[in-house]
Amino acid sequence: MPITELPARADRRRTASAFWIPFAFLALLSTLWALASPLFSVPDENAHAAKAIAQVRGQVIGAVEPGAKYLVVDLPPGYHYNHSAMCFLFVPEDSAHCAAHFGDGTGSATFDTWVGAYNPIYYYLVGWPTLLTDHGEAGVYGMRIASALLCSAMLAFAFQAALSSRRARWLPLGLMLVAGPMVLYLAGSVNPNGLEIAAAAALWAALLRLLERHDPRIDDVGLSRGSLWGIVTVSAILLANARSVGPLWVVIVLAACLAVSGLAATKAFFIRPRTYIWVGIIAVGMLFSGVWTLATNGAGGQAGANDAPLVGASVVSGVAGMLRRTPGYLQQGLGVFGWLDTPLPWMLYALVVVALGVLVILAVTGAGRRATVVVVCALTGAVLVPAIVQGVTISRTGLIWQGRYGLFLYIAVPLLAAWMLSRPAGRRLDFLSARVSWIGLGLCALFGPLAFFTVLRRFTTGFGHGIGAMFSPEWQPPLGWLALLMIYAVVTAGFAVWLGFRARDAANPADDLEAPAGLRADERIASNPVGA
């Protein structure tokens, strides 16, 4: 075997493992979230599930019926909906034992869904399991797991794009913060918000790497341009079509990545003719989203005065109202579960805030002036962009924003902080990368299972009972809460350890050695997104 083939083969193995190993961990964790909470305990899950069930059976848009406030969809036998299935909402002191079993024959054959005209792509991707069974609960759990696998694949592409390069010292910690419990909780639900966040993560990571591949000063960036373009294209189209505002999110991510990458990379990016082929494909996907929204009024009509606060208010009032509520939105981004009725104890938030805070502080103070500007702008954007977007629409919609809507921006903060620390300007802190990463990953490995336990406790016994009551619970998830918790803790610990070793290997000075003479960069990178 020629000596030049050895580094190429090693890089292909590293590239493949950077996708498949995170995918396995993420799929397990998000599937555990899919099993841990009662059906329809995730915000708007009942409406999204009803649309998916009806859509895969041919009813793409709900029907207008007299007296119904929203579009009405028909539900097949086995999927009839009983509103008492959500009796536990907003009563965190009590368990979910009062919930009626979905499809038990006591419900209605129709459902008034406020998402009846939403973009159909997500619902086709996750609704198909209901065609395999007439058992309502099994069908919804099947949709949750389908969503978990889809979102895990997109998150795994983010891991692959970021970790397959040798220039990834701080990125294992940054990515662990990206794939936090709230992201995995939404991934394991029937709600396009989960796919929106996962697609955004893949777009952030892959687009940054793609632009880096166009920087003439950098020659080690992991995946090939074709592979990165594939991830960028799929993630951008999915993000654009996840919700009506998706095309705007794609434009924001693109603009931010261009600004982060600098003039040299941006210029090289746009002078390549092939760039415009891929951009054209993405534009078609964004155009479909825009046309669908306009044709179906998918963005919603004028809200009534009792539908939400600040209906009819001015833009300035909307922005001010959003800014006042920003601390609550940030808390929701870290983890407020259920229909925003299940916050975590404040001491748990401290675990992840410390890990995130250290990463941000190191990037701002030790990775150069450019890193300071990038991270400060990311923090500012995470606050101002939601405020402005909601402020512009406040008169029509009222203040309906939730922290999960801004997660596509929140996850950019740890990712960009880790990104800038991993660049040459952050070399002065290389000696800290492995140590800090291990500590930060350990904090995340504590936060995840404790958040998972808190949610299990809320639904098995309610917060009105002591922890000991969980051993004679009023409600149990599939497999039982204790088994789910033990599996979750083990998988989280394993994921953190694997990422810790990736951080240690990335910090190895041997990674900075030049490639053997005569070996082209294209021979050292994988030729497809999963390294196969």
Side-chain angles (χ1 to χ4, degrees), residues 26-46 85-99 137 140-141 144-145 147-148 151-152 179-191 193-194 197 328 331-352 402-404 407 443-493 495:
L26 293 165
L28 280 170
L29 292 172
S30 54
T31 297
L32 289 169
W33 275 113
L35 299 175
S37 55
L39 300 186
F40 314 132
S41 63
V42 181
D44 301 323
E45 188 176 42
N46 57 338
M86 297 167 56
C87 59
F88 51 83
L89 295 190
F90 311 114
V91 191
E93 296 80 15
D94 295 335
S95 71
H97 75 282
C98 63
E137 290 193 345
V140 177
Y141 278 120
R144 280 183 167 187
I145 294 171
S147 180
C151 295
S152 296
M182 194 64 190
V183 172
L184 298 175
Y185 170 72
L186 292 169
S189 69
V190 186
N191 191 315
N193 196 193
I197 299 161
Q331 180 189 1
Q332 291 170 18
L334 291 175
V336 176
F337 301 87
W339 285 56
L340 302 183
D341 60 3
T342 309
L344 303 176
W346 282 103
M347 65 183 70
L348 296 191
Y349 292 120
L351 295 173
V352 70
Q402 296 180 22
R404 59 192 174 93
L407 266 168
L443 292 174
C444 292
L446 283 175
F447 177 64
L450 289 173
F452 192 73
F453 170 78
T454 302
V455 175
L456 286 170
R457 180 188 171 200
R458 183 263 183 266
F459 291 117
T460 56
T461 64
F463 294 140
H465 299 81
I467 293 176
M470 293 182 69
F471 292 96
S472 55
E474 296 177 321
W475 177 86
Q476 277 275 36
L479 304 182
W481 72 266
L482 185 57
L484 293 182
L485 177 62
M486 293 176 64
I487 297 170
Y488 194 94
V490 170
V491 174
T492 302
F495 197 19

Donor-acceptor under 3.5 Å (Ser147 side chain, Arg144 main chain): no

Residue pair Ser95 / Thr460: nearest heavy atoms and the distance that separates them: CB-O, 3.3 Å

Stepwise side-chain contact (heavy atoms from CB on, under 4.5 Å) test for Ser41 and Phe459: CA-CA 9 Å; Ser41 63; Phe459 291 117; 3.7 Å; yes

Residues which pass side-chain hydrogen bond (donor to acceptor under 3.5 Å, both in side chains) with Thr461, listed by chain and number, not counting sequence neighbours: none

Residues that Asn46 engages under side-chain contact (heavy atoms from CB on, under 4.5 Å), provided they are two or more places apart: Phe40, Tyr81, Met86, Phe111, Trp114, Trp339

Smallest separation among heavy atoms of Gly335 and Leu344, with atom names: O-CG, 3.6 Å

Tyr185 (side chain) donor-acceptor with Gly338 (main chain) under 3.5 angstrom: yes

Under the side-chain hydrogen bond (donor to acceptor under 3.5 Å, both in side chains) test, residues paired with Asn191 that sit two or more places apart: none

Shortest non-hydrogen separation from Pro181 to Gly448 and the atoms involved: CG-CA, 3.7 Å

Residue pair Asp341 / Val91: nearest heavy atoms and the distance that separates them: OD2-N, 4.3 Å

Residue pairs, two or more places apart or on separate chains, that pass side-chain hydrogen bond (donor to acceptor under 3.5 Å, both in side chains) and touch residues 475-491: Trp33-Tyr488

Straight-line distance of Ile145 CD1 to Leu35 CG, nearest 0.5 Å: 5.5 Å

Side-chain heavy-atom pair Phe88, Asp94 within 4.5 angstrom cut-off: no

side-chain contact (heavy atoms from CB on, under 4.5 Å) against Ala489, all qualifying residues, sequence neighbours excluded: Pro449

Minimum-distance pair of heavy atoms, taken over all atoms of Leu26 and Ala179: CD2-CB, 3.8 Å

Sidechain-backbone polar pair: Arg458 side chain, Pro343 backbone, donor-acceptor under 3.5 Å: no

Flag side-chain contact, heavy atom, 4.5 Å: Phe447 against Thr492: no

Distance, nearest 0.5 Å, that separates OG1 of Thr454 from CZ of Phe463: 6.0 Å

Nearest non-hydrogen partners of His465 and Arg457, listed with the distance: O-NH2, 2.8 Å

Residues forming a side-chain hydrogen bond (donor to acceptor under 3.5 Å, both in side chains) with Tyr141, sequence neighbours excluded: none

Check: Val190 main-chain N/O paired with Glu45 side-chain donor or acceptor under 3.5 Å: yes

Interatomic distance, Met470 atom CE to Leu482 atom CG [nearest 0.5 angstrom]: 8.5 Å

Leu479 CG to Leu485 CG distance, which is reported to the nearest 0.5 Å: 13.0 Å

Heavy-atom check, side chain of Phe452 versus side chain of Leu29, under 4.5 Å: no

Heavy-atom side-chain proximity of Asp44 to Asn193 below 4.5 angstrom: no

Distance in Å, Leu348 CG paired with Leu450 CG, rounded so as to fall on 0.5 Å steps: 5.5 Å

